[in-house]
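Below: the structure, in structure tokens.
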Number of protein chains: 2
Amino acid sequence: MTVSRVLRNRGDVSETTRERVLEAARSLGYVPNKIAGALASQRVNLVGVIIPSLSNMVFPEVMTGISEVLEDTGLQPVVGVSNYSHDREEQVIYEMLSWRPSGLILAGVEHSDASRAMLAQAGVPIVEIMDIDGTPVDSAVGISHRRAGRQMAEAIIAAGYRRIAFLGTHMPSQDTRARKRLEGFEEALSQVGLTLVDREYYTGGSSLLKGREMTEALLKRTPDLDFLYYSNDMIGAGGLLWCLEKGLDVPGKIGLAGFNGMELLDGLPRKLATMDACRLEIGRKSAEIIAGKRPSGVIGGEVIELQPTLQPGDTIRRG
Amino acid sequence: MTVSRVLRNRGDVSETTRERVLEAARSLGYVPNKIAGALASQRVNLVGVIIPSLSNMVFPEVMTGISEVLEDTGLQPVVGVSNYSHDREEQVIYEMLSWRPSGLILAGVEHSDASRAMLAQAGVPIVEIMDIDGTPVDSAVGISHRRAGRQMAEAIIAAGYRRIAFLGTHMPSQDTRARKRLEGFEEALSQVGLTLVDREYYTGGSSLLKGREMTEALLKRTPDLDFLYYSNDMIGAGGLLWCLEKGLDVPGKIGLAGFNGMELLDGLPRKLATMDACRLEIGRKSAEIIAGKRPSGVIGGEVIELQPTLQPGDTIRRG
DNA sequence: CAGGAAGCTGTTAGCGCTATCAGTATCAGA
DNA sequence: TCTGATACTGATAGCGCTAACAGCTTCCTG
């Protein structure tokens with residue numbers, strides 16, 4: 001018992017005893033068994049984080065925000081990957097909950113019924129992140145992707161572009177957030193009597209090369225476009241490089257825009273218009289909710305909507 | 001007891017009982033407590049993976065390889081991040097081992113003494129990845145970064161470049177692998193009587209922008225360089241974009257090379273010379289060792305050296 | 001000097017599972 | 001008929017820790 005107290009820095013132990021215990025632990029290479037500790041104390045210092053993909057570049061930054069805040073709370077993030085599959089997500093949720101974590105952070109507000117049921121039953125804080133267009137199980141931190149899409153469309157229309165095309169992932173059912181952005185985008189177009197002139201879909205991961213190829217294919221098919229709206233910055237950057245190489249007049253003859261506010265864009269020959277997704281802030285706020293550190297003092301059921309800012313860069317005509 | 005059997009699919013249970021148990025579990029939203037299960041069975045289906053950073057782009061691909069192999073073994077990867085700090089790494093190792101995982105995969109072969117002691121004591125398979133220039137605690141999978149640096153230098157020398165500079169991270173003590181590459185690189189240079197003409201260091205994360213800035217600063221200071229060796233592809237790509245914009249003759253007047261074989265490079269206007277670090281394969285092989293699925297049948301203490309291949313791209317003069 | 005607080009150490013009883021073994025029922029084969 | 005195998009279910013005893021409390025000593029306060 002005294003050993004337990006020393007190793008957890010809890011309760012009063014005399015200095016001499018503490019020294020002796022630590023020395024013994026060191027010399028034996030003793031590592032306490034957290035499994036037993038967790039079972040006895042009913043406390044687990046882990047926070048599950050479920051994201052669709054590690055390679056997306058979006059999530060590392062969210063993780064950074066989370067780690068930053070959890071750092072001095074004694075909580076540890078544990079990452080699970082769902083590969084954009086609801087079934088896989090369900091399994092990961094089950095797996096994580098069976099370890100009784102102190103909280104769960106997961107991307108998106110769309111889940112299978114079974115997942116929602118498990119989350120609702122879990123009895124620990126649940127934070128759904130990235131997206132707030134929907135009904136969260138408990139808390140949520142994110143932006144409205146629908147609104148983000150609309151806002152971008154309005155900026156594009158205001159700049160005078162009219163023959164607009166969309167380039168994005170082919171699985172609108174899977175990357176729900178990209179789909180919502182597109183919905184908002186088309187909504188805003190139709191309000192001024194416009195529709196998308198063309199669209200180009202792809203499957204698999206996003207890459208510069210993919211962006212180039214899609215752009216080339218699209219412009220070959222429909223040469224008289226004056227704006228290309230990409231579902232993310234990576235393919236947008238590829239498209240931009242392609243346009244510049246072909247000597248197209250950007251943003252005079254043709255404008256471009258992506259989404260995410262990726263650091264990558266800062267190094268490109270010209271800065272792609274984009275919209276920052278507040279990733280760091282989303283990570284921070286979600287961790288605060290789990291750690292019970294919200295300044296508001298609210299516990300559970302909080303929905304925090306962040307406002308993405310439009311970064312017009314050099315690929316949309318200015319006023 | 002019968003419930004336990006049903007939920008774990010172990011032992012004989014009559015079909016009717018099984019149905020009843022599953023139905024009850026479903027309707028109660030019951031999620032078994034793995035903590036108790038693990039304590040009782042002394043088995044934990046988790047594999048700890050400790051990497052220096054999530055934003056490095058190198059590690060997501062390693063993770064992909066790991067997940068792929070663990071997929072059908074019932075084992076689950078759990079990610080920890082050390083931020084290139086040995087102290088932090090030590091904490092993460094301690095934390096992970098205290099959960100008694102089925103194995104541990106960690107980047108690099110350099111660790112604090114305390115870390116090495118813990119790993120040696122752990123009693124589970126340990127795989128050190130990425131780097132094999134050193135003495136692993138147990139198994140290791142990776143490439144020789146020293147050799148990789150040497151190989152690149154030889155290719156550069158063979159192409160006739162003589163006034164060579166290095167651009168890389170400022171903390172040679174932290175990113176040990178970059179340092180080893182540089183050591184191998186300089187070794188090969190000195191064998192033909194050359195030394196680095198100049199070098200430029202930076203701190204913080206790698207980005208295209210950083211690559212541009214460093215390249216500009218370096219060439220301003222030492223204009224007559226004919227080769228720039230970057231410690232990674234991201235800053236190399238930034239440098240390449242800068243050189244192309246300035247209208248420099250690449251690879252005629254000046255050559256460039258990076259390291260990693262990043263997908264990003266495929267979309268650039270010109271393809272940067274690089275060396276692929278076998279990341280996917282490293283992930284796969286390390287997971288195989290943990291899962292005990294090595295075709296060799298060897299258990300523990302295996303060192304697998306992979307051979308990185310030089311990809312000359314378009315930024316080294318061809319013979 | 002009583003009374004109580006504070007400092008320290010130890011005892012006991014679980015936490016929610018699983019390993020192991022015991023027990024019952026059924027059935028084939030000798 | 002009995003034997004032994006097979007199918008199934010249940011009882012018991014931990015896994016390695018911590019919460020809660022008990023007990024002792026010391027020290028302070030009035």
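Lettering follows sequence order; numbering is per chain, from 1.
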All side-chain contact (heavy atoms from CB on, under 4.5 Å) counterparts of Arg88(A), not counting sequence neighbours: Ser85(A), Gln91(A), Val92(A), Gln76(B)
Is there a side-chain contact between Ser14(B) and the phosphate of dA7(D), meaning an N or O under 4.0 Å from OP1 or OP2? no
Once side-chain contact (heavy atoms from CB on, under 4.5 Å) is applied, do any residues pair with Ala122(B), and if so which ones, sequence neighbours excluded? Leu97(B), Val124(B), Ile126(B)
Would you call the rings of His111(A) and His86(A) parallel, tilted or perpendicular if under 30° counts as parallel and over 60° as perpendicular? tilted
Quick one: what's the B/S/- string for nucleotides 10-20 of chain D, heavy-atom cutoff under 4.0 Å, read 5' to 3'? BB--BBBBSBB
For Glu263(A), give me all partners under salt bridge (charged side-chain N to carboxylate O under 4.0 Å, His left out), at least two apart in sequence or on another chain. none
Pairs involving residues 39-74 of chain B, ordered by first then second residue, that meet ring pair (Phe, Tyr, Trp, His ring centres under 6.0 Å) (sequence neighbours left out): none
Using salt bridge (charged side-chain N to carboxylate O under 4.0 Å, His left out) as the criterion, list what pairs up with Asp133(A), not counting sequence neighbours. none
With Ser98(A), which residues qualify under side chain to side chain donor-acceptor pair (under 3.5 Å), at least two apart? none
Tell me which pairs pass salt bridge (Lys or Arg N to Asp or Glu O under 4.0 Å) where either residue lies in residues 289-304 of chain A, with sequence neighbours left out. Asp72(A)-Lys293(A), Glu288(A)-Arg294(A), Arg294(A)-Glu302(A)
Just to verify, what does Glu90(A) make a side-chain contact (heavy atoms from CB on, under 4.5 Å) with, not counting sequence neighbours? Ser112(A), Ala114(A), Ser115(A), Met118(A)
Taken in chain and number order and not counting sequence neighbours, the residues that satisfy side-chain contact (heavy atoms from CB on, under 4.5 Å) with Glu305(A) are Ile132(A), Ser144(A), Arg147(A), Gln307(A)
Can you sort out which residues in residues 20-28 of chain B have a heavy atom within less than 4.0 Å of DNA chain D? Ascending by number, please. none
Starting from Watson-Crick (N1-N3 plus N6-O4 or O6-N4) and G-U wobble pairs under 3.5 Å, report the runs of at least three that DNA chain D belongs to. C:1-30 with D:1-30
Taken to the nearest whole Å, CG/Asp12(A) to C1'/dC24(D) is 15 Å
